[in-house]
Trainee: 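Pasting a structure here, questions to come.
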Amino acid sequence: MNYSIDKIAENINAKRLGDAEAQISFILTDSRSLCFPEETLFFALRSERNDGHHYIDELYHRGVRNFVVEQLPDAFSSIYKQANFLQVDNSLLALQQLTTWHRSAFTIPIVGITGSNGKTMVKEWLSQLLSFDHNVTRSPKSYNSQIGVPLSVWLLNESSEIGIIEAGISKRGEMEALQKIIQPTIGVLTSLGAAHQENFSSIEEKCKEKLLLFKDTQALVYQMDDAIAAKCIEDFSYDGTLLGWSEKNKDVALFVEKISKDTTTSTIEYCWQTATKGKFTLPFIDDASIQNCITCAAISLYLGMKPETLAERMPMLEPVAMRLEVKEGQHGCTLINDSYNSDINSLDIALDFMNRRPDQQKRARTLILSDILQSGQTEKQLYCDVAELVQKRGIKKFIGIGSALMRQQEAFDGVEERYFFENVADFINSKVFNSLADEVILLKGARSFGFDQLTELLVKKVHETVLEVNLNAVVDNLNWYRSFLKPETKLVCMIKADAYGAGAVEIAKTLEEHRVDYLAVAVADEGATLRRNGIKSNIMIMNPEMSSFKTLFDYELEPEIYSFRLLDALIKAAEKEGITGYPVHIKFDTGMHRLGFNPRTDIAQLIEKLRHQNALIPRSVFSHFVGSDNNDFDSFSAEQFKLFDEGSKQLQSAFSHRILRHIDNSAGIEHFPERQLDMCRLGLGLYGINPRNNEIINNVSTLKTTILQMRNVPKGETVGYSRRGVIEKDSVIAAIPIGYADGLNRKLGNRNCYCLVNGQKADYVGNICMDVALIDVTGIDCKEGDSVEIFGDNLPVTILSNVLETIPYEVLTTVSNRVKRVYFQD
């Protein structure tokens with residue numbers, strides 16, 4: 001759908017400046033995602049950390065001609081002669097107002113989904129169930145925020161027959177705005193949990209806020225066995241039809257009579273509206289998936305789906321690809337795997353993700369795409385739209401797989417290289433497949449096309465042990481700490497030691513995208529690696545070596561200066577290169593007694609040296625709290641701050657330019673908010689561990705391996721080196737391909753700790769070897785090839801560090817580089 005710029009201005013009550021004619025089909029809030037400039041309306045949104053008005057000039061030169069702004073750019077009439085500016089008081093409210101008006105044009109069923117867990121899974125599975133009969137428009141990925149919801153609603157178009165929109169909140173007062181935009185006709189409340197609980201006094205308060213989404217809906221689906229949800233809904237005085245489901249109470253819309261599980265499937269027997277019996281089988285056995293599928297069943301039955309149809313479709317549900325995985329591929333390729341979310345909106349998001357990845361070698365972008373199923377468009381129109389998107393996103397090589405793409409090859413004539421195959425097998429046996437090298441490859445295909453086989457062949461074969469890194473969790477942790485900061489406070493993110501084992505390059509790319517002010521690594525070579533991989537952010541070097549000065553200068557890396565010897569040497573090296581005004585960061589020792597100038601005794605000499613040269617310029621001055629994670633050291637921390645405050649002010653007074661001051665680390669950000677100063681440093685907290693209490697905020701790294709072999713070992717036998725693993729009863733012992741060379745500490749062996757096999761504890765038995773460990777899986781339902789969690793989402797790394805009587809840093813940073821890192825993003 002498209003609207004004239006006049007109509008949009010009228011509906012958002014904007015003052016229009018500029019008289020160019022324009023038809024708007026796309027709305028944009030992030031300049032990096034621009035694809036169709038001529039038909040795009042950019043909303044210049046302000047936030048605590050950024051301002052969209054700063055990107056108007058860039059977007060204008062990239063072809064955008066229509067802007068919603070709160071403030072007009074300077075000399076707009078002379079510079080932006082071909083542009084339209086719609087001036088409003090609040091750009092975010094204008095965005096929400098526009099999409100509310102757009103939503104009001106539709107009388108179709110709109111399913112509004114909220115809750116703490118399972119929103120995206122319910123949305124995707126419900127879409128899969130309904131798409132056979134209806135053209136379904138749904139929120140892309142997790143677009144459920146104050147900005148994401150308007151962008152989702154904007155996707156509703158003339159062919160939409162059902163809408164499924166996800167809504168998420170993080171604090172009070174947000175749901176009312178989302179309800180007005182979505183205007184759902186059917187409400188769905190998924191399971192409640194601890195997400196964003198920090199901004200609510202109780203789970204009940206959060207639940208009541210979420211229920212505001214449903215105030216005008218005709219029906220509400222929820223799990224009645226959740227006591228909190230049931231009580232809040234009772235208090236809500238809901239006027240519509242309550243569609244509760246339960247395993248305990250027969251007096252509900254959907255009573256679950258029986259759940260049966262085997263090794264790979266679950267069968268649910270139910271009674272709908274006290275009269276209709278039915279059952280269906282799911283290709284999942286975990287409790288969360290079962291609950292989400294039952295919720296989908298209740299919605300589908302309410303919308304008129306027959307039980308027999310539901311039974312046919314439930315076994316066909318595909319795993320929800322809630323993440324974009326980045327893997328190292330064969331022959332110098334990088335693989336981005338986003339299979340199973342096969343529609344044009346998710347394709348655009350995946351292509352945008354690929355284009356945002358900095359790539360120093362500027363490798364060619366390749367897309368491998370299967371037929372898109374149940375799009376609601378004519379085949380010709382669909383693939384014309386796909387082809388246009390592919391060209392706009394800069395894809396050099398397109399590989400289409402499926403009979404529909406074979407028929408629509410002409411649509412892709414504008415792509416530089418294009419190849420088409422009937423099926424995956426034909427592609428694998430082709431010269432095109434064998435020639436893939438030094439490319440960034442996006443895999444996007446429906447499950448039925450067998451893209452798993454492609455991934456298996458294209459990914460680089462390494463150790464079966466992998467470290468999964470959740471990039472969304474990194475962002476969530478970043479934002480959690482940002483919530484403690486004043487808007488003007490800058491942030492340094494520590495990614496030394498290969499980002500605490502998580503992989504510095506990918507973490508840096510993610511942090512750069514979210515506009516952190518500084519990255520910090522230990523040595524110059526770490527910074528050079530980031531630069532060679534396209535990282536452009538300011539990079540601080542915490543432990544510069546005398547031999548690294550040329551690397552510092554060549555890659556524009558900013559060193560910490562902690563001694564006169566280092567200062568003198570760096571000045572001399574910079575002067576020799578003819579460098580002036582090179583930024584450096586001055587470190588004070590206020591009590592750590594590790595590195596740094598003494599602010600009491602060294603400050604006069606330090607100022608004298610800095611003022612009588614122009615090669616270097618102090619960009620920041622900082623120190624490090626010794627015990628900000630412990631209340632017992634508060635008085636010492638106060639002494640440290642006083643010493644730093646006095647010394648840093650003395651340094652600042654000697655220079656006319658602003659010198660950034662920072663002393664708060666991860667623990668200090670939370671514990672000493674009054675000591676934020678100009679900048680804070682975020683380290684362990686970024687990786688999901690709260691140093692104040694050793695609790696997990698959002699887990700980032702999950703170390704996994706697999707069962708290689710299982711054997712029955714009788715009582716009295718021993719396993720492993722030195723016969724340390726004495727078997728006290730007849731047992732089943734499994735070998736897993738991870739050892740101390742991978743970072744699994746030998747002290748965890750001999751039943752001192754455990755891993756998780758299918759969610760159950762399995763002790764390490766015997767001595768841990770260099771490449772293999774042995775675990776006791778007696779009584780655990782498992783088989784060879786099953787996954788084993790060493791630490792991660794279900795087994796916090798702090799469990800291991802506590803056993804080892806060390807800190808989580810050590811466990812994370814000792815994961816070997818031979819362990820493959822797999823990155824994913826929602």
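Small disclaimer: the values here were computed from a predicted structure and weren't measured.
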Trainee: Would the number of heavy atoms belonging to other residues, nucleotides or ligands and lying under 6.0 Å from CD of Glu556 be above 12?
Mentor: no
Trainee: Suppose we screen for side chain to side chain contact (heavy atoms under 4.5 Å, CB included). Which residues come up paired with Ile617, at least two apart in sequence or across chains?
Mentor: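 Per chain and number, Ile617 pairs via side chain to side chain contact (heavy atoms under 4.5 Å, CB included) with His657.
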Trainee: Going by side chain to side chain donor-acceptor pair (under 3.5 Å), name the residues that satisfy it together with Asp30, two or more places apart in sequence or in a different chain.
Mentor: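 For Asp30, the residues satisfying side chain to side chain donor-acceptor pair (under 3.5 Å) (neighbours in sequence not counted) are Arg32, Arg356.
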Trainee: Hey, could you give me each pair passing side-chain hydrogen bond (donor to acceptor under 3.5 Å, both in side chains) that has a residue in residues 803-812? Not counting sequence neighbours.
Mentor: Thr806-Glu810
Trainee: Between Phe672 and Phe625, is the ring centroid distance below 6.0 Å?
Mentor: yes
Trainee: Around atom CZ of Arg724, are there more than 12 heavy atoms of other residues, nucleotides or ligands at under 6.0 Å?
Mentor: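 Check fails, neighbour count at 12 or below.
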Trainee: Tell me, please, which residues at least two apart from Phe633 pass ring pair (Phe, Tyr, Trp, His ring centres under 6.0 Å).
Mentor: none
Trainee: Is a salt bridge present between Arg531 and Asp554, judged by a nitrogen-to-oxygen distance below 4.0 Å?
Mentor: no
Trainee: We want to know whether His671 and Asp664 form a side-chain donor-acceptor pair, criterion being a heavy-atom distance below 3.5 angstrom.
Mentor: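 No, because no side-chain N or O of His671 sits under 3.5 Å from a partner of the opposite role on Asp664.
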Trainee: For the residue pair Thr590 / Gln640, report whether a side-chain donor-acceptor contact shorter than 3.5 Å exists.
Mentor: yes
Trainee: Which residues satisfy the side chain to side chain contact (heavy atoms under 4.5 Å, CB included) test with Lys761, sequence neighbours excluded?
Mentor: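 For Lys761, the residues satisfying side chain to side chain contact (heavy atoms under 4.5 Å, CB included) (neighbours in sequence not counted) are Tyr754, Leu756.
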Trainee: Which ring-ring contact (aromatic ring centres under 6.0 Å, His included) pairs, counting each pair once, include a residue from residues 555-576, with sequence neighbours left out?
Mentor: Phe564-Phe597
Trainee: Only distances under 3.5 Å count here; give the side-chain donor-acceptor pairs of residues 517-526 to other protein atoms, sequence neighbours excluded, each with its distance to 0.1 Å.
Mentor:
| from | atom 1 | to | atom 2 | distance (Å) |
| --- | --- | --- | --- | --- |
| Asp517 | OD2 | Leu491 | N | 2.8 |
| Tyr518 | OH | Glu558 | OE1 | 2.6 |
| Glu526 | OE1 | Ala522 | N | 2.7 |
| Glu526 | OE1 | Val523 | N | 3.2 |
| Glu526 | OE2 | Ala497 | N | 3.1 |

Trainee: When you check the gap from the basic side-chain N to the acidic O, do Glu506 and Lys509 get nearer than 4.0 Å?
Mentor: yes
Trainee: Which residue pairs pass the side-chain hydrogen bond (donor to acceptor under 3.5 Å, both in side chains) test when at least one of the two sits in residues 594-608, sequence neighbours left out?
Mentor: Glu608-His612
Trainee: Can you give the donor-acceptor pairs under 3.5 Å from side chains of residues 797-804 to other protein atoms, not counting sequence neighbours?
Mentor:
| from | atom 1 | to | atom 2 | distance (Å) |
| --- | --- | --- | --- | --- |
| Ser801 | OG | Thr798 | O | 3.1 |
| Asn802 | ND2 | Thr798 | O | 3.1 |

Trainee: Ignoring hydrogens and geometry, is there a side-chain-to-backbone donor-acceptor pair from Ser648 to Phe644 under 3.5 Å?
Mentor: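 Indeed, once roles are kept as given, a pair shorter than 3.5 Å links the two residues.
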Trainee: How would you list, by chain and number, every residue that makes a side chain to side chain contact (heavy atoms under 4.5 Å, CB included) with Glu695, sequence neighbours excluded?
Mentor: Asn693
Trainee: Are the side chain of Glu560 and the backbone of Lys587 linked by a donor-acceptor contact shorter than 3.5 Å?
Mentor: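 Looks like no, no N/O pair under 3.5 Å.
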Trainee: Given Ile607 and Gln650, is the side chain to side chain contact (heavy atoms under 4.5 Å, CB included) satisfied, shown in steps?
Mentor: CA-CA 9 Å; Ile607 291 173; Gln650 194 173 348; 4.3 Å; yes
Trainee: Give a yes or no on whether a salt bridge exists between Asp645 and Lys649, defined as a side-chain N under 4.0 angstrom from a carboxylate O.
Mentor: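 Judged by the 4.0 Å cut-off on N to carboxylate O distance, Asp645 and Lys649 do form a salt bridge.
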Trainee: Just to verify, what does Tyr481 make a ring pair (Phe, Tyr, Trp, His ring centres under 6.0 Å) with, not counting sequence neighbours?
Mentor: none
Trainee: Short question: side chain of Arg692, backbone of Glu670 - any donor-acceptor pair under 3.5 Å?
Mentor: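 Flag not set: sc Arg692 to bb Glu670 has no pair under 3.5 Å.
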Trainee: Taking all non-hydrogen atoms of both residues into account, name the closest pair between Ile659 and Gln652 and its distance.
Mentor: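 Result for this residue pair: N-OE1, 2.7 Å.
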Trainee: Please set out all donor-acceptor pairs under 3.5 angstrom arising from side-chain atoms of residues 675-687, sequence neighbours excluded.
Mentor:
| from | atom 1 | to | atom 2 | distance (Å) |
| --- | --- | --- | --- | --- |
| Gln676 | OE1 | Lys486 | N | 3.0 |
| Gln676 | OE1 | Thr489 | OG1 | 3.0 |
| Gln676 | NE2 | Phe484 | O | 2.7 |
| Gln676 | NE2 | Pro673 | O | 3.4 |
| Asp678 | OD1 | Arg658 | NH2 | 2.8 |
| Asp678 | OD2 | Arg661 | N | 2.9 |
| Arg681 | NH1 | Ser623 | O | 3.2 |
| Arg681 | NH1 | His662 | O | 3.4 |
| Arg681 | NH1 | His662 | ND1 | 3.1 |
| Arg681 | NH2 | Ser623 | O | 2.8 |
| Tyr687 | OH | Met494 | O | 2.7 |

Trainee: Between Ser628 and Asn665, is a side-chain hydrogen bond (donor to acceptor under 3.5 Å, both in side chains) present by the stated rule, with each step listed?
Mentor: CA-CA 8 Å; Ser628 56; Asn665 52 7; 2.8 Å; yes
